[in-house]
Amino acid sequence: MKTVMSNKFAIALYTLPALLLILVLIYIPIALSGYYGLMDWDGIGEMTFIGLDNYITLIQDKLFWSSTWHSFLLAIFSTASLLLYLAISLVLASKIKGSDLLRKIYLIPMLLSSVAIAQLWMKIFDPTNGMANKLLEFFGVENTPIWLADPKIALYAIFIPIIWQYAGFYILIYYAALKNVPDEVIEAAKIDGASPFQIAYKIKLPLISGVFKVTIMLAVVGSLKYFDLIYVMTGGGPNGASEVMASYMYKEAFKLNNFGYGSAIGFGLLVICLLMTWLTSQLTKSKDDVQF
Amino acid sequence: MKKKAFATVMSMALAGGLILGGCSSSDETAKDSSGSSSDKTVVKMMHLWPEGSSNAQFTIVDDIIKAYEEENPDVDIQTEILGNEQYKEKIKVLSASNELPDVGITWAAGYMKPFVDGNMFAPLDDIVEKDKFVAGTLDAFSVEEKPYALPLELNITPVYYNKEIFEKYNLEAPKTYDEFLNVVETLVDNGVTPITLGNKDRWTGSMWYMYLADRIGGPESLNNAINRTGSFEDPALVKAAEEIENLVNMDAFVKGFNGLSNDEAKGYFMNEQAAMYLMATWELPNYTTSPDVDQEFKDKIGYFKFPTYEGGKGDIDSYVGGPGVGLFVSEQSKVKDEAKEFVSYLVDEWGKRSVVDAGVIPATVVDTSAGDLHPMYIDILNDLGNASNLTLYADVQMSAGVADVHLNQIQALFGGQTTPEEFTKTQEEALAAEK
């Protein structure tokens, strides 16, 4: 085995398939979409080179910036909801009765496909027959909201299922990390007279801070490029009130036949994601990593 | 040792397979498939009626292909079938790489134009028999007088209504717009949703606006605004927008219509929670022949023509509608002649069977005396025969960019986020900017 691993040729051979796949499926398309962004192209006929025109339009495009703002709102909300997930996992990881069952219950939304979740929540948000409004009516609310049809609340209404959808995923990560905290440390704290709150705040949290940083990164980047539920539930509407960057890119490229401009949006999305990743890693950087 | 050798061979094979799989161009695969049926001419066709969701259409096309292959033993028709949205996307991708199927489905006017401009579709003026088609349907698939696809379907849009709900409140199908407003008001007063509308899809609201524009200003006002011989700021078009605003303020439409898709909105009508529904004749099977719908419900449904507007220029026999899909032949096709022949055969046979078998009204003239048709179909087909005008859906007439402006404005108008004046002004600007 050792001889194989020290053989440069063998290493190259074994990594080649993965490398090729990544190149063909990811890096080459990224370069290509940057290139298409320089073109005036409807995706069907001839391309014409127009230099940076698409990118200049992009910078002045109000719709793009409002969809960027919506993506950032989603990023803020999903990052904030991480705290909630963390609290739930802290409870689940302490030895309470039925934590096994509860963990599975939280995980189920993650197993559903996005489209199924979207359909489910569209039924819930139905203004006349939906569960949300029936419940509100039961409590005596008269002017029940029209949810996805109201430009002021449509975006926030979709945040609810998105946050619900990913709860299981993050809870699972936190749960696994918390289970990795050695029992001896906690025992020692207990003997020293630490309260459960102190154990959670002063011992468990610092020990899983690395995992927490990773999840912040996942939440931010995941939110910025989010697409599924928005596309199915509102299609970015009404009147762009719930448009996010990815849905705007899709709309320009495929619905409006502006493939060149759509590519430019895609490239802009990539740049924003890279910037945010770098920024998040800078903000969450700490000098001393806590070790077990 | 043996084991190790085996593993090495396997991993080499795997790597090789990946590399080859990644590199093999689609040209090669095309050659392969034509090579396998050596002496036959292969015509590739793509359509959008999967066996599961559009069984009736699938069966008709399948039967026609079998019959054609029997008559022409040297031709082999190979089909690829995708659902509506996937189809639209795949066609776009294929055309970008110049690999369109020999025969395929396209939509009219604005959708088709980039394909024609990009020289993707072959002109079909050499095979078309104009008098076979209902007047106006071929125009929607023509660019500069040349048809680039042959229409298969034709739809007009009546207002369907629930007779039971109407009877309960002593209402009758309205003939004038004032009567219509009275119907709406009575229903609202009694807590019944008058009209269901899925305006998340936007084209649904556009049909309401188009009808009002037609009844107030006549068919010319909207058509001229779009073809730029007129203006979108025409007083009739502003007036029509004001009437929409008025209907919204009367609570004529179902609650939250801007967030409902057409399918969700249809649910309200099918569950008898709303009294009226303006939709194209592709809905007819649900009220006549479909085995999935209760007979009791079907008997309750009738339709009326969109009412006339007092002092307006449009008459009651003018319809909003248009051909649905048509068949194109690829310009790049190597078997163009065979493909064209097959297309005209398919259009002919489709016209004979589509109403009876699938409830789809074909763009070719139908002989109503043959076969036993549901009375509602006979009525609609007769109305179609007496139609004074057919206005093609506005978003289909416009190019994709302008259509998007129009549809967004429709949603904003219905949602009260714009005024009738701004509504017309924004569209006038978008239309003017394009020329």
Side-chain angles (χ1 to χ4, degrees), chain A residues 1 4 10 12-21 23-25 36 41-47 63 119 122-123 125-130 133 143-154 157 232-242 250-259 261, chain B residues 4 8 11-12 14-19 21-23 85 88-89 91-96 100 110-111 113-120 193 196 199-202 254-261 264 267-268 271 273-274 399-405 407-412 414-415 417-418:
Chain A
M1 203 58 198
V4 174
L13 184 72
Y14 277 91
T15 52
L16 196 64
L19 187 71
L20 272 177
L21 274 181
L23 267 181
V24 170
L25 295 178
Y36 290 147
W41 187 33
D42 59 7
I44 296 168
E46 292 284 304
M47 285 192 249
L63 280 173
Q119 293 293 342
M122 276 157 77
K123 294 271 181 304
F125 283 138
D126 186 296
T128 311
N129 303 325
N133 275 358
N143 278 322
T144 46
I146 49 175
W147 301 111
L148 302 176
D150 186 338
K152 288 195 198 70
I153 53 176
V232 183
M233 288 177 72
T234 62
N239 271 16
S242 60
Y250 178 84
K251 193 175 115 181
E252 282 289 341
F254 291 101
K255 292 263 142 84
L256 301 185
N257 284 347
N258 291 330
F259 209 87
Y261 188 55
Chain B
K4 198 176 168 192
T8 320
S11 55
M12 293 282 276
L14 191 65
L18 282 171
I19 295 165
C23 300
E85 288 305 309
K88 271 190 184 168
E89 248 131 75
I91 277 289
K92 229 167 242 188
V93 174
L94 287 181
S95 66
L100 281 179
Y111 177 89
K113 191 124 191 312
F115 290 94
V116 174
D117 291 345
N119 228 0
M120 297 285 164
T193 305
T196 183
N199 207 30
K200 180 176 130 184
D201 295 344
R202 309 181 298 180
V254 66
K255 187 177 180 189
F257 49 82
N258 261 356
L260 297 175
S261 69
E264 288 171 291
Y268 282 83
N271 293 327
Q273 282 182 306
S399 70
V402 180
D404 193 57
V405 173
L407 293 171
N408 277 341
Q409 284 300 311
I410 284 284
Q411 211 176 37
F414 275 80
Q417 288 132 25
T418 183

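It should be emphasised that the depicted structure is a prediction, and the values quoted were computed from it without experimental measurement. Below, chain A is the first sequence line, B the second, and so on; all start at residue 1.
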Open item on the list: At a 4.5 Å cut-off on heavy atoms, which part of Asn408(B) comes close to chain A: side chain, backbone, both, or neither?
Closed with: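 Both parts, backbone and side chain.
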
Task: Lys255(B) portion near chain A, given a 4.5 angstrom heavy-atom threshold - done: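 Lys255(B) touches chain A through backbone and side-chain heavy atoms alike.
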
Task: Validation row: Asp126(A), Leu260(B) side chains within 4.5 angstrom (heavy atoms) - done: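 Answer yes - side chains close enough.
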
Task: Lys200(B) side chain reached by Pro238(A) side chain, heavy atoms, under 4.5 Å - done: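 They are not in contact (no side-chain heavy atoms under 4.5 Å apart), so the answer is no.
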
Could you look at [X] and say if it's the side chain, the backbone, both or neither that has a heavy atom under 4.5 Å from chain B?
| X | value |
| --- | --- |
| Trp41(A) | side chain |
| Asp42(A) | side chain |
| Thr128(A) | both |
| Met233(A) | backbone |

Name the option with the most non-hydrogen atom pairs under 4.5 Å to chain B; the candidates are [options].
| options | result |
| --- | --- |
| Asn239(A), Ile146(A), Thr234(A) | Asn239(A) |
| Trp147(A), Phe254(A), Phe259(A) | Phe254(A) |
| Leu256(A), Asp150(A), Asn258(A), Leu148(A) | Leu256(A) |

Open item on the list: Heavy-atom pairs under 4.5 Å with chain A - which of Gly118(B), Gly401(B), Gly256(B), Ala400(B) has more of them than the others?
Closed with: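 Top count of heavy-atom pairs under 4.5 Å with chain A: Gly256(B).
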
Task: Contact winner vs chain A - Glu89(B), Arg202(B), Met120(B), Gln409(B), heavy-atom pairs under 4.5 Å - done: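 That would be Glu89(B).
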
- [ ] Go through Asp404(B) and Lys255(A) one step at a time and tell me if the side chain to side chain contact (heavy atoms under 4.5 Å, CB included) criterion holds.
- [x] CA-CA 9 Å; Asp404(B) 193 57; Lys255(A) 292 263 142 84; over 6 Å; no

- [ ] Establish, from distance only, whether the side-chain atoms of Asn129(A) and Gln273(B) form a donor-acceptor pair under 3.5 Å.
- [x]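 Checked: Asn129(A)/Gln273(B) side chains pair up, N/O donor to acceptor below 3.5 Å.
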
TODO: Indicate whether any N or O donor in one side chain lies under 3.5 Å from an N or O acceptor in the other, for Asn257(A) and Tyr111(B).
DONE: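 Checked: Asn257(A)/Tyr111(B) side chains show no N/O donor-acceptor pair below 3.5 Å.
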
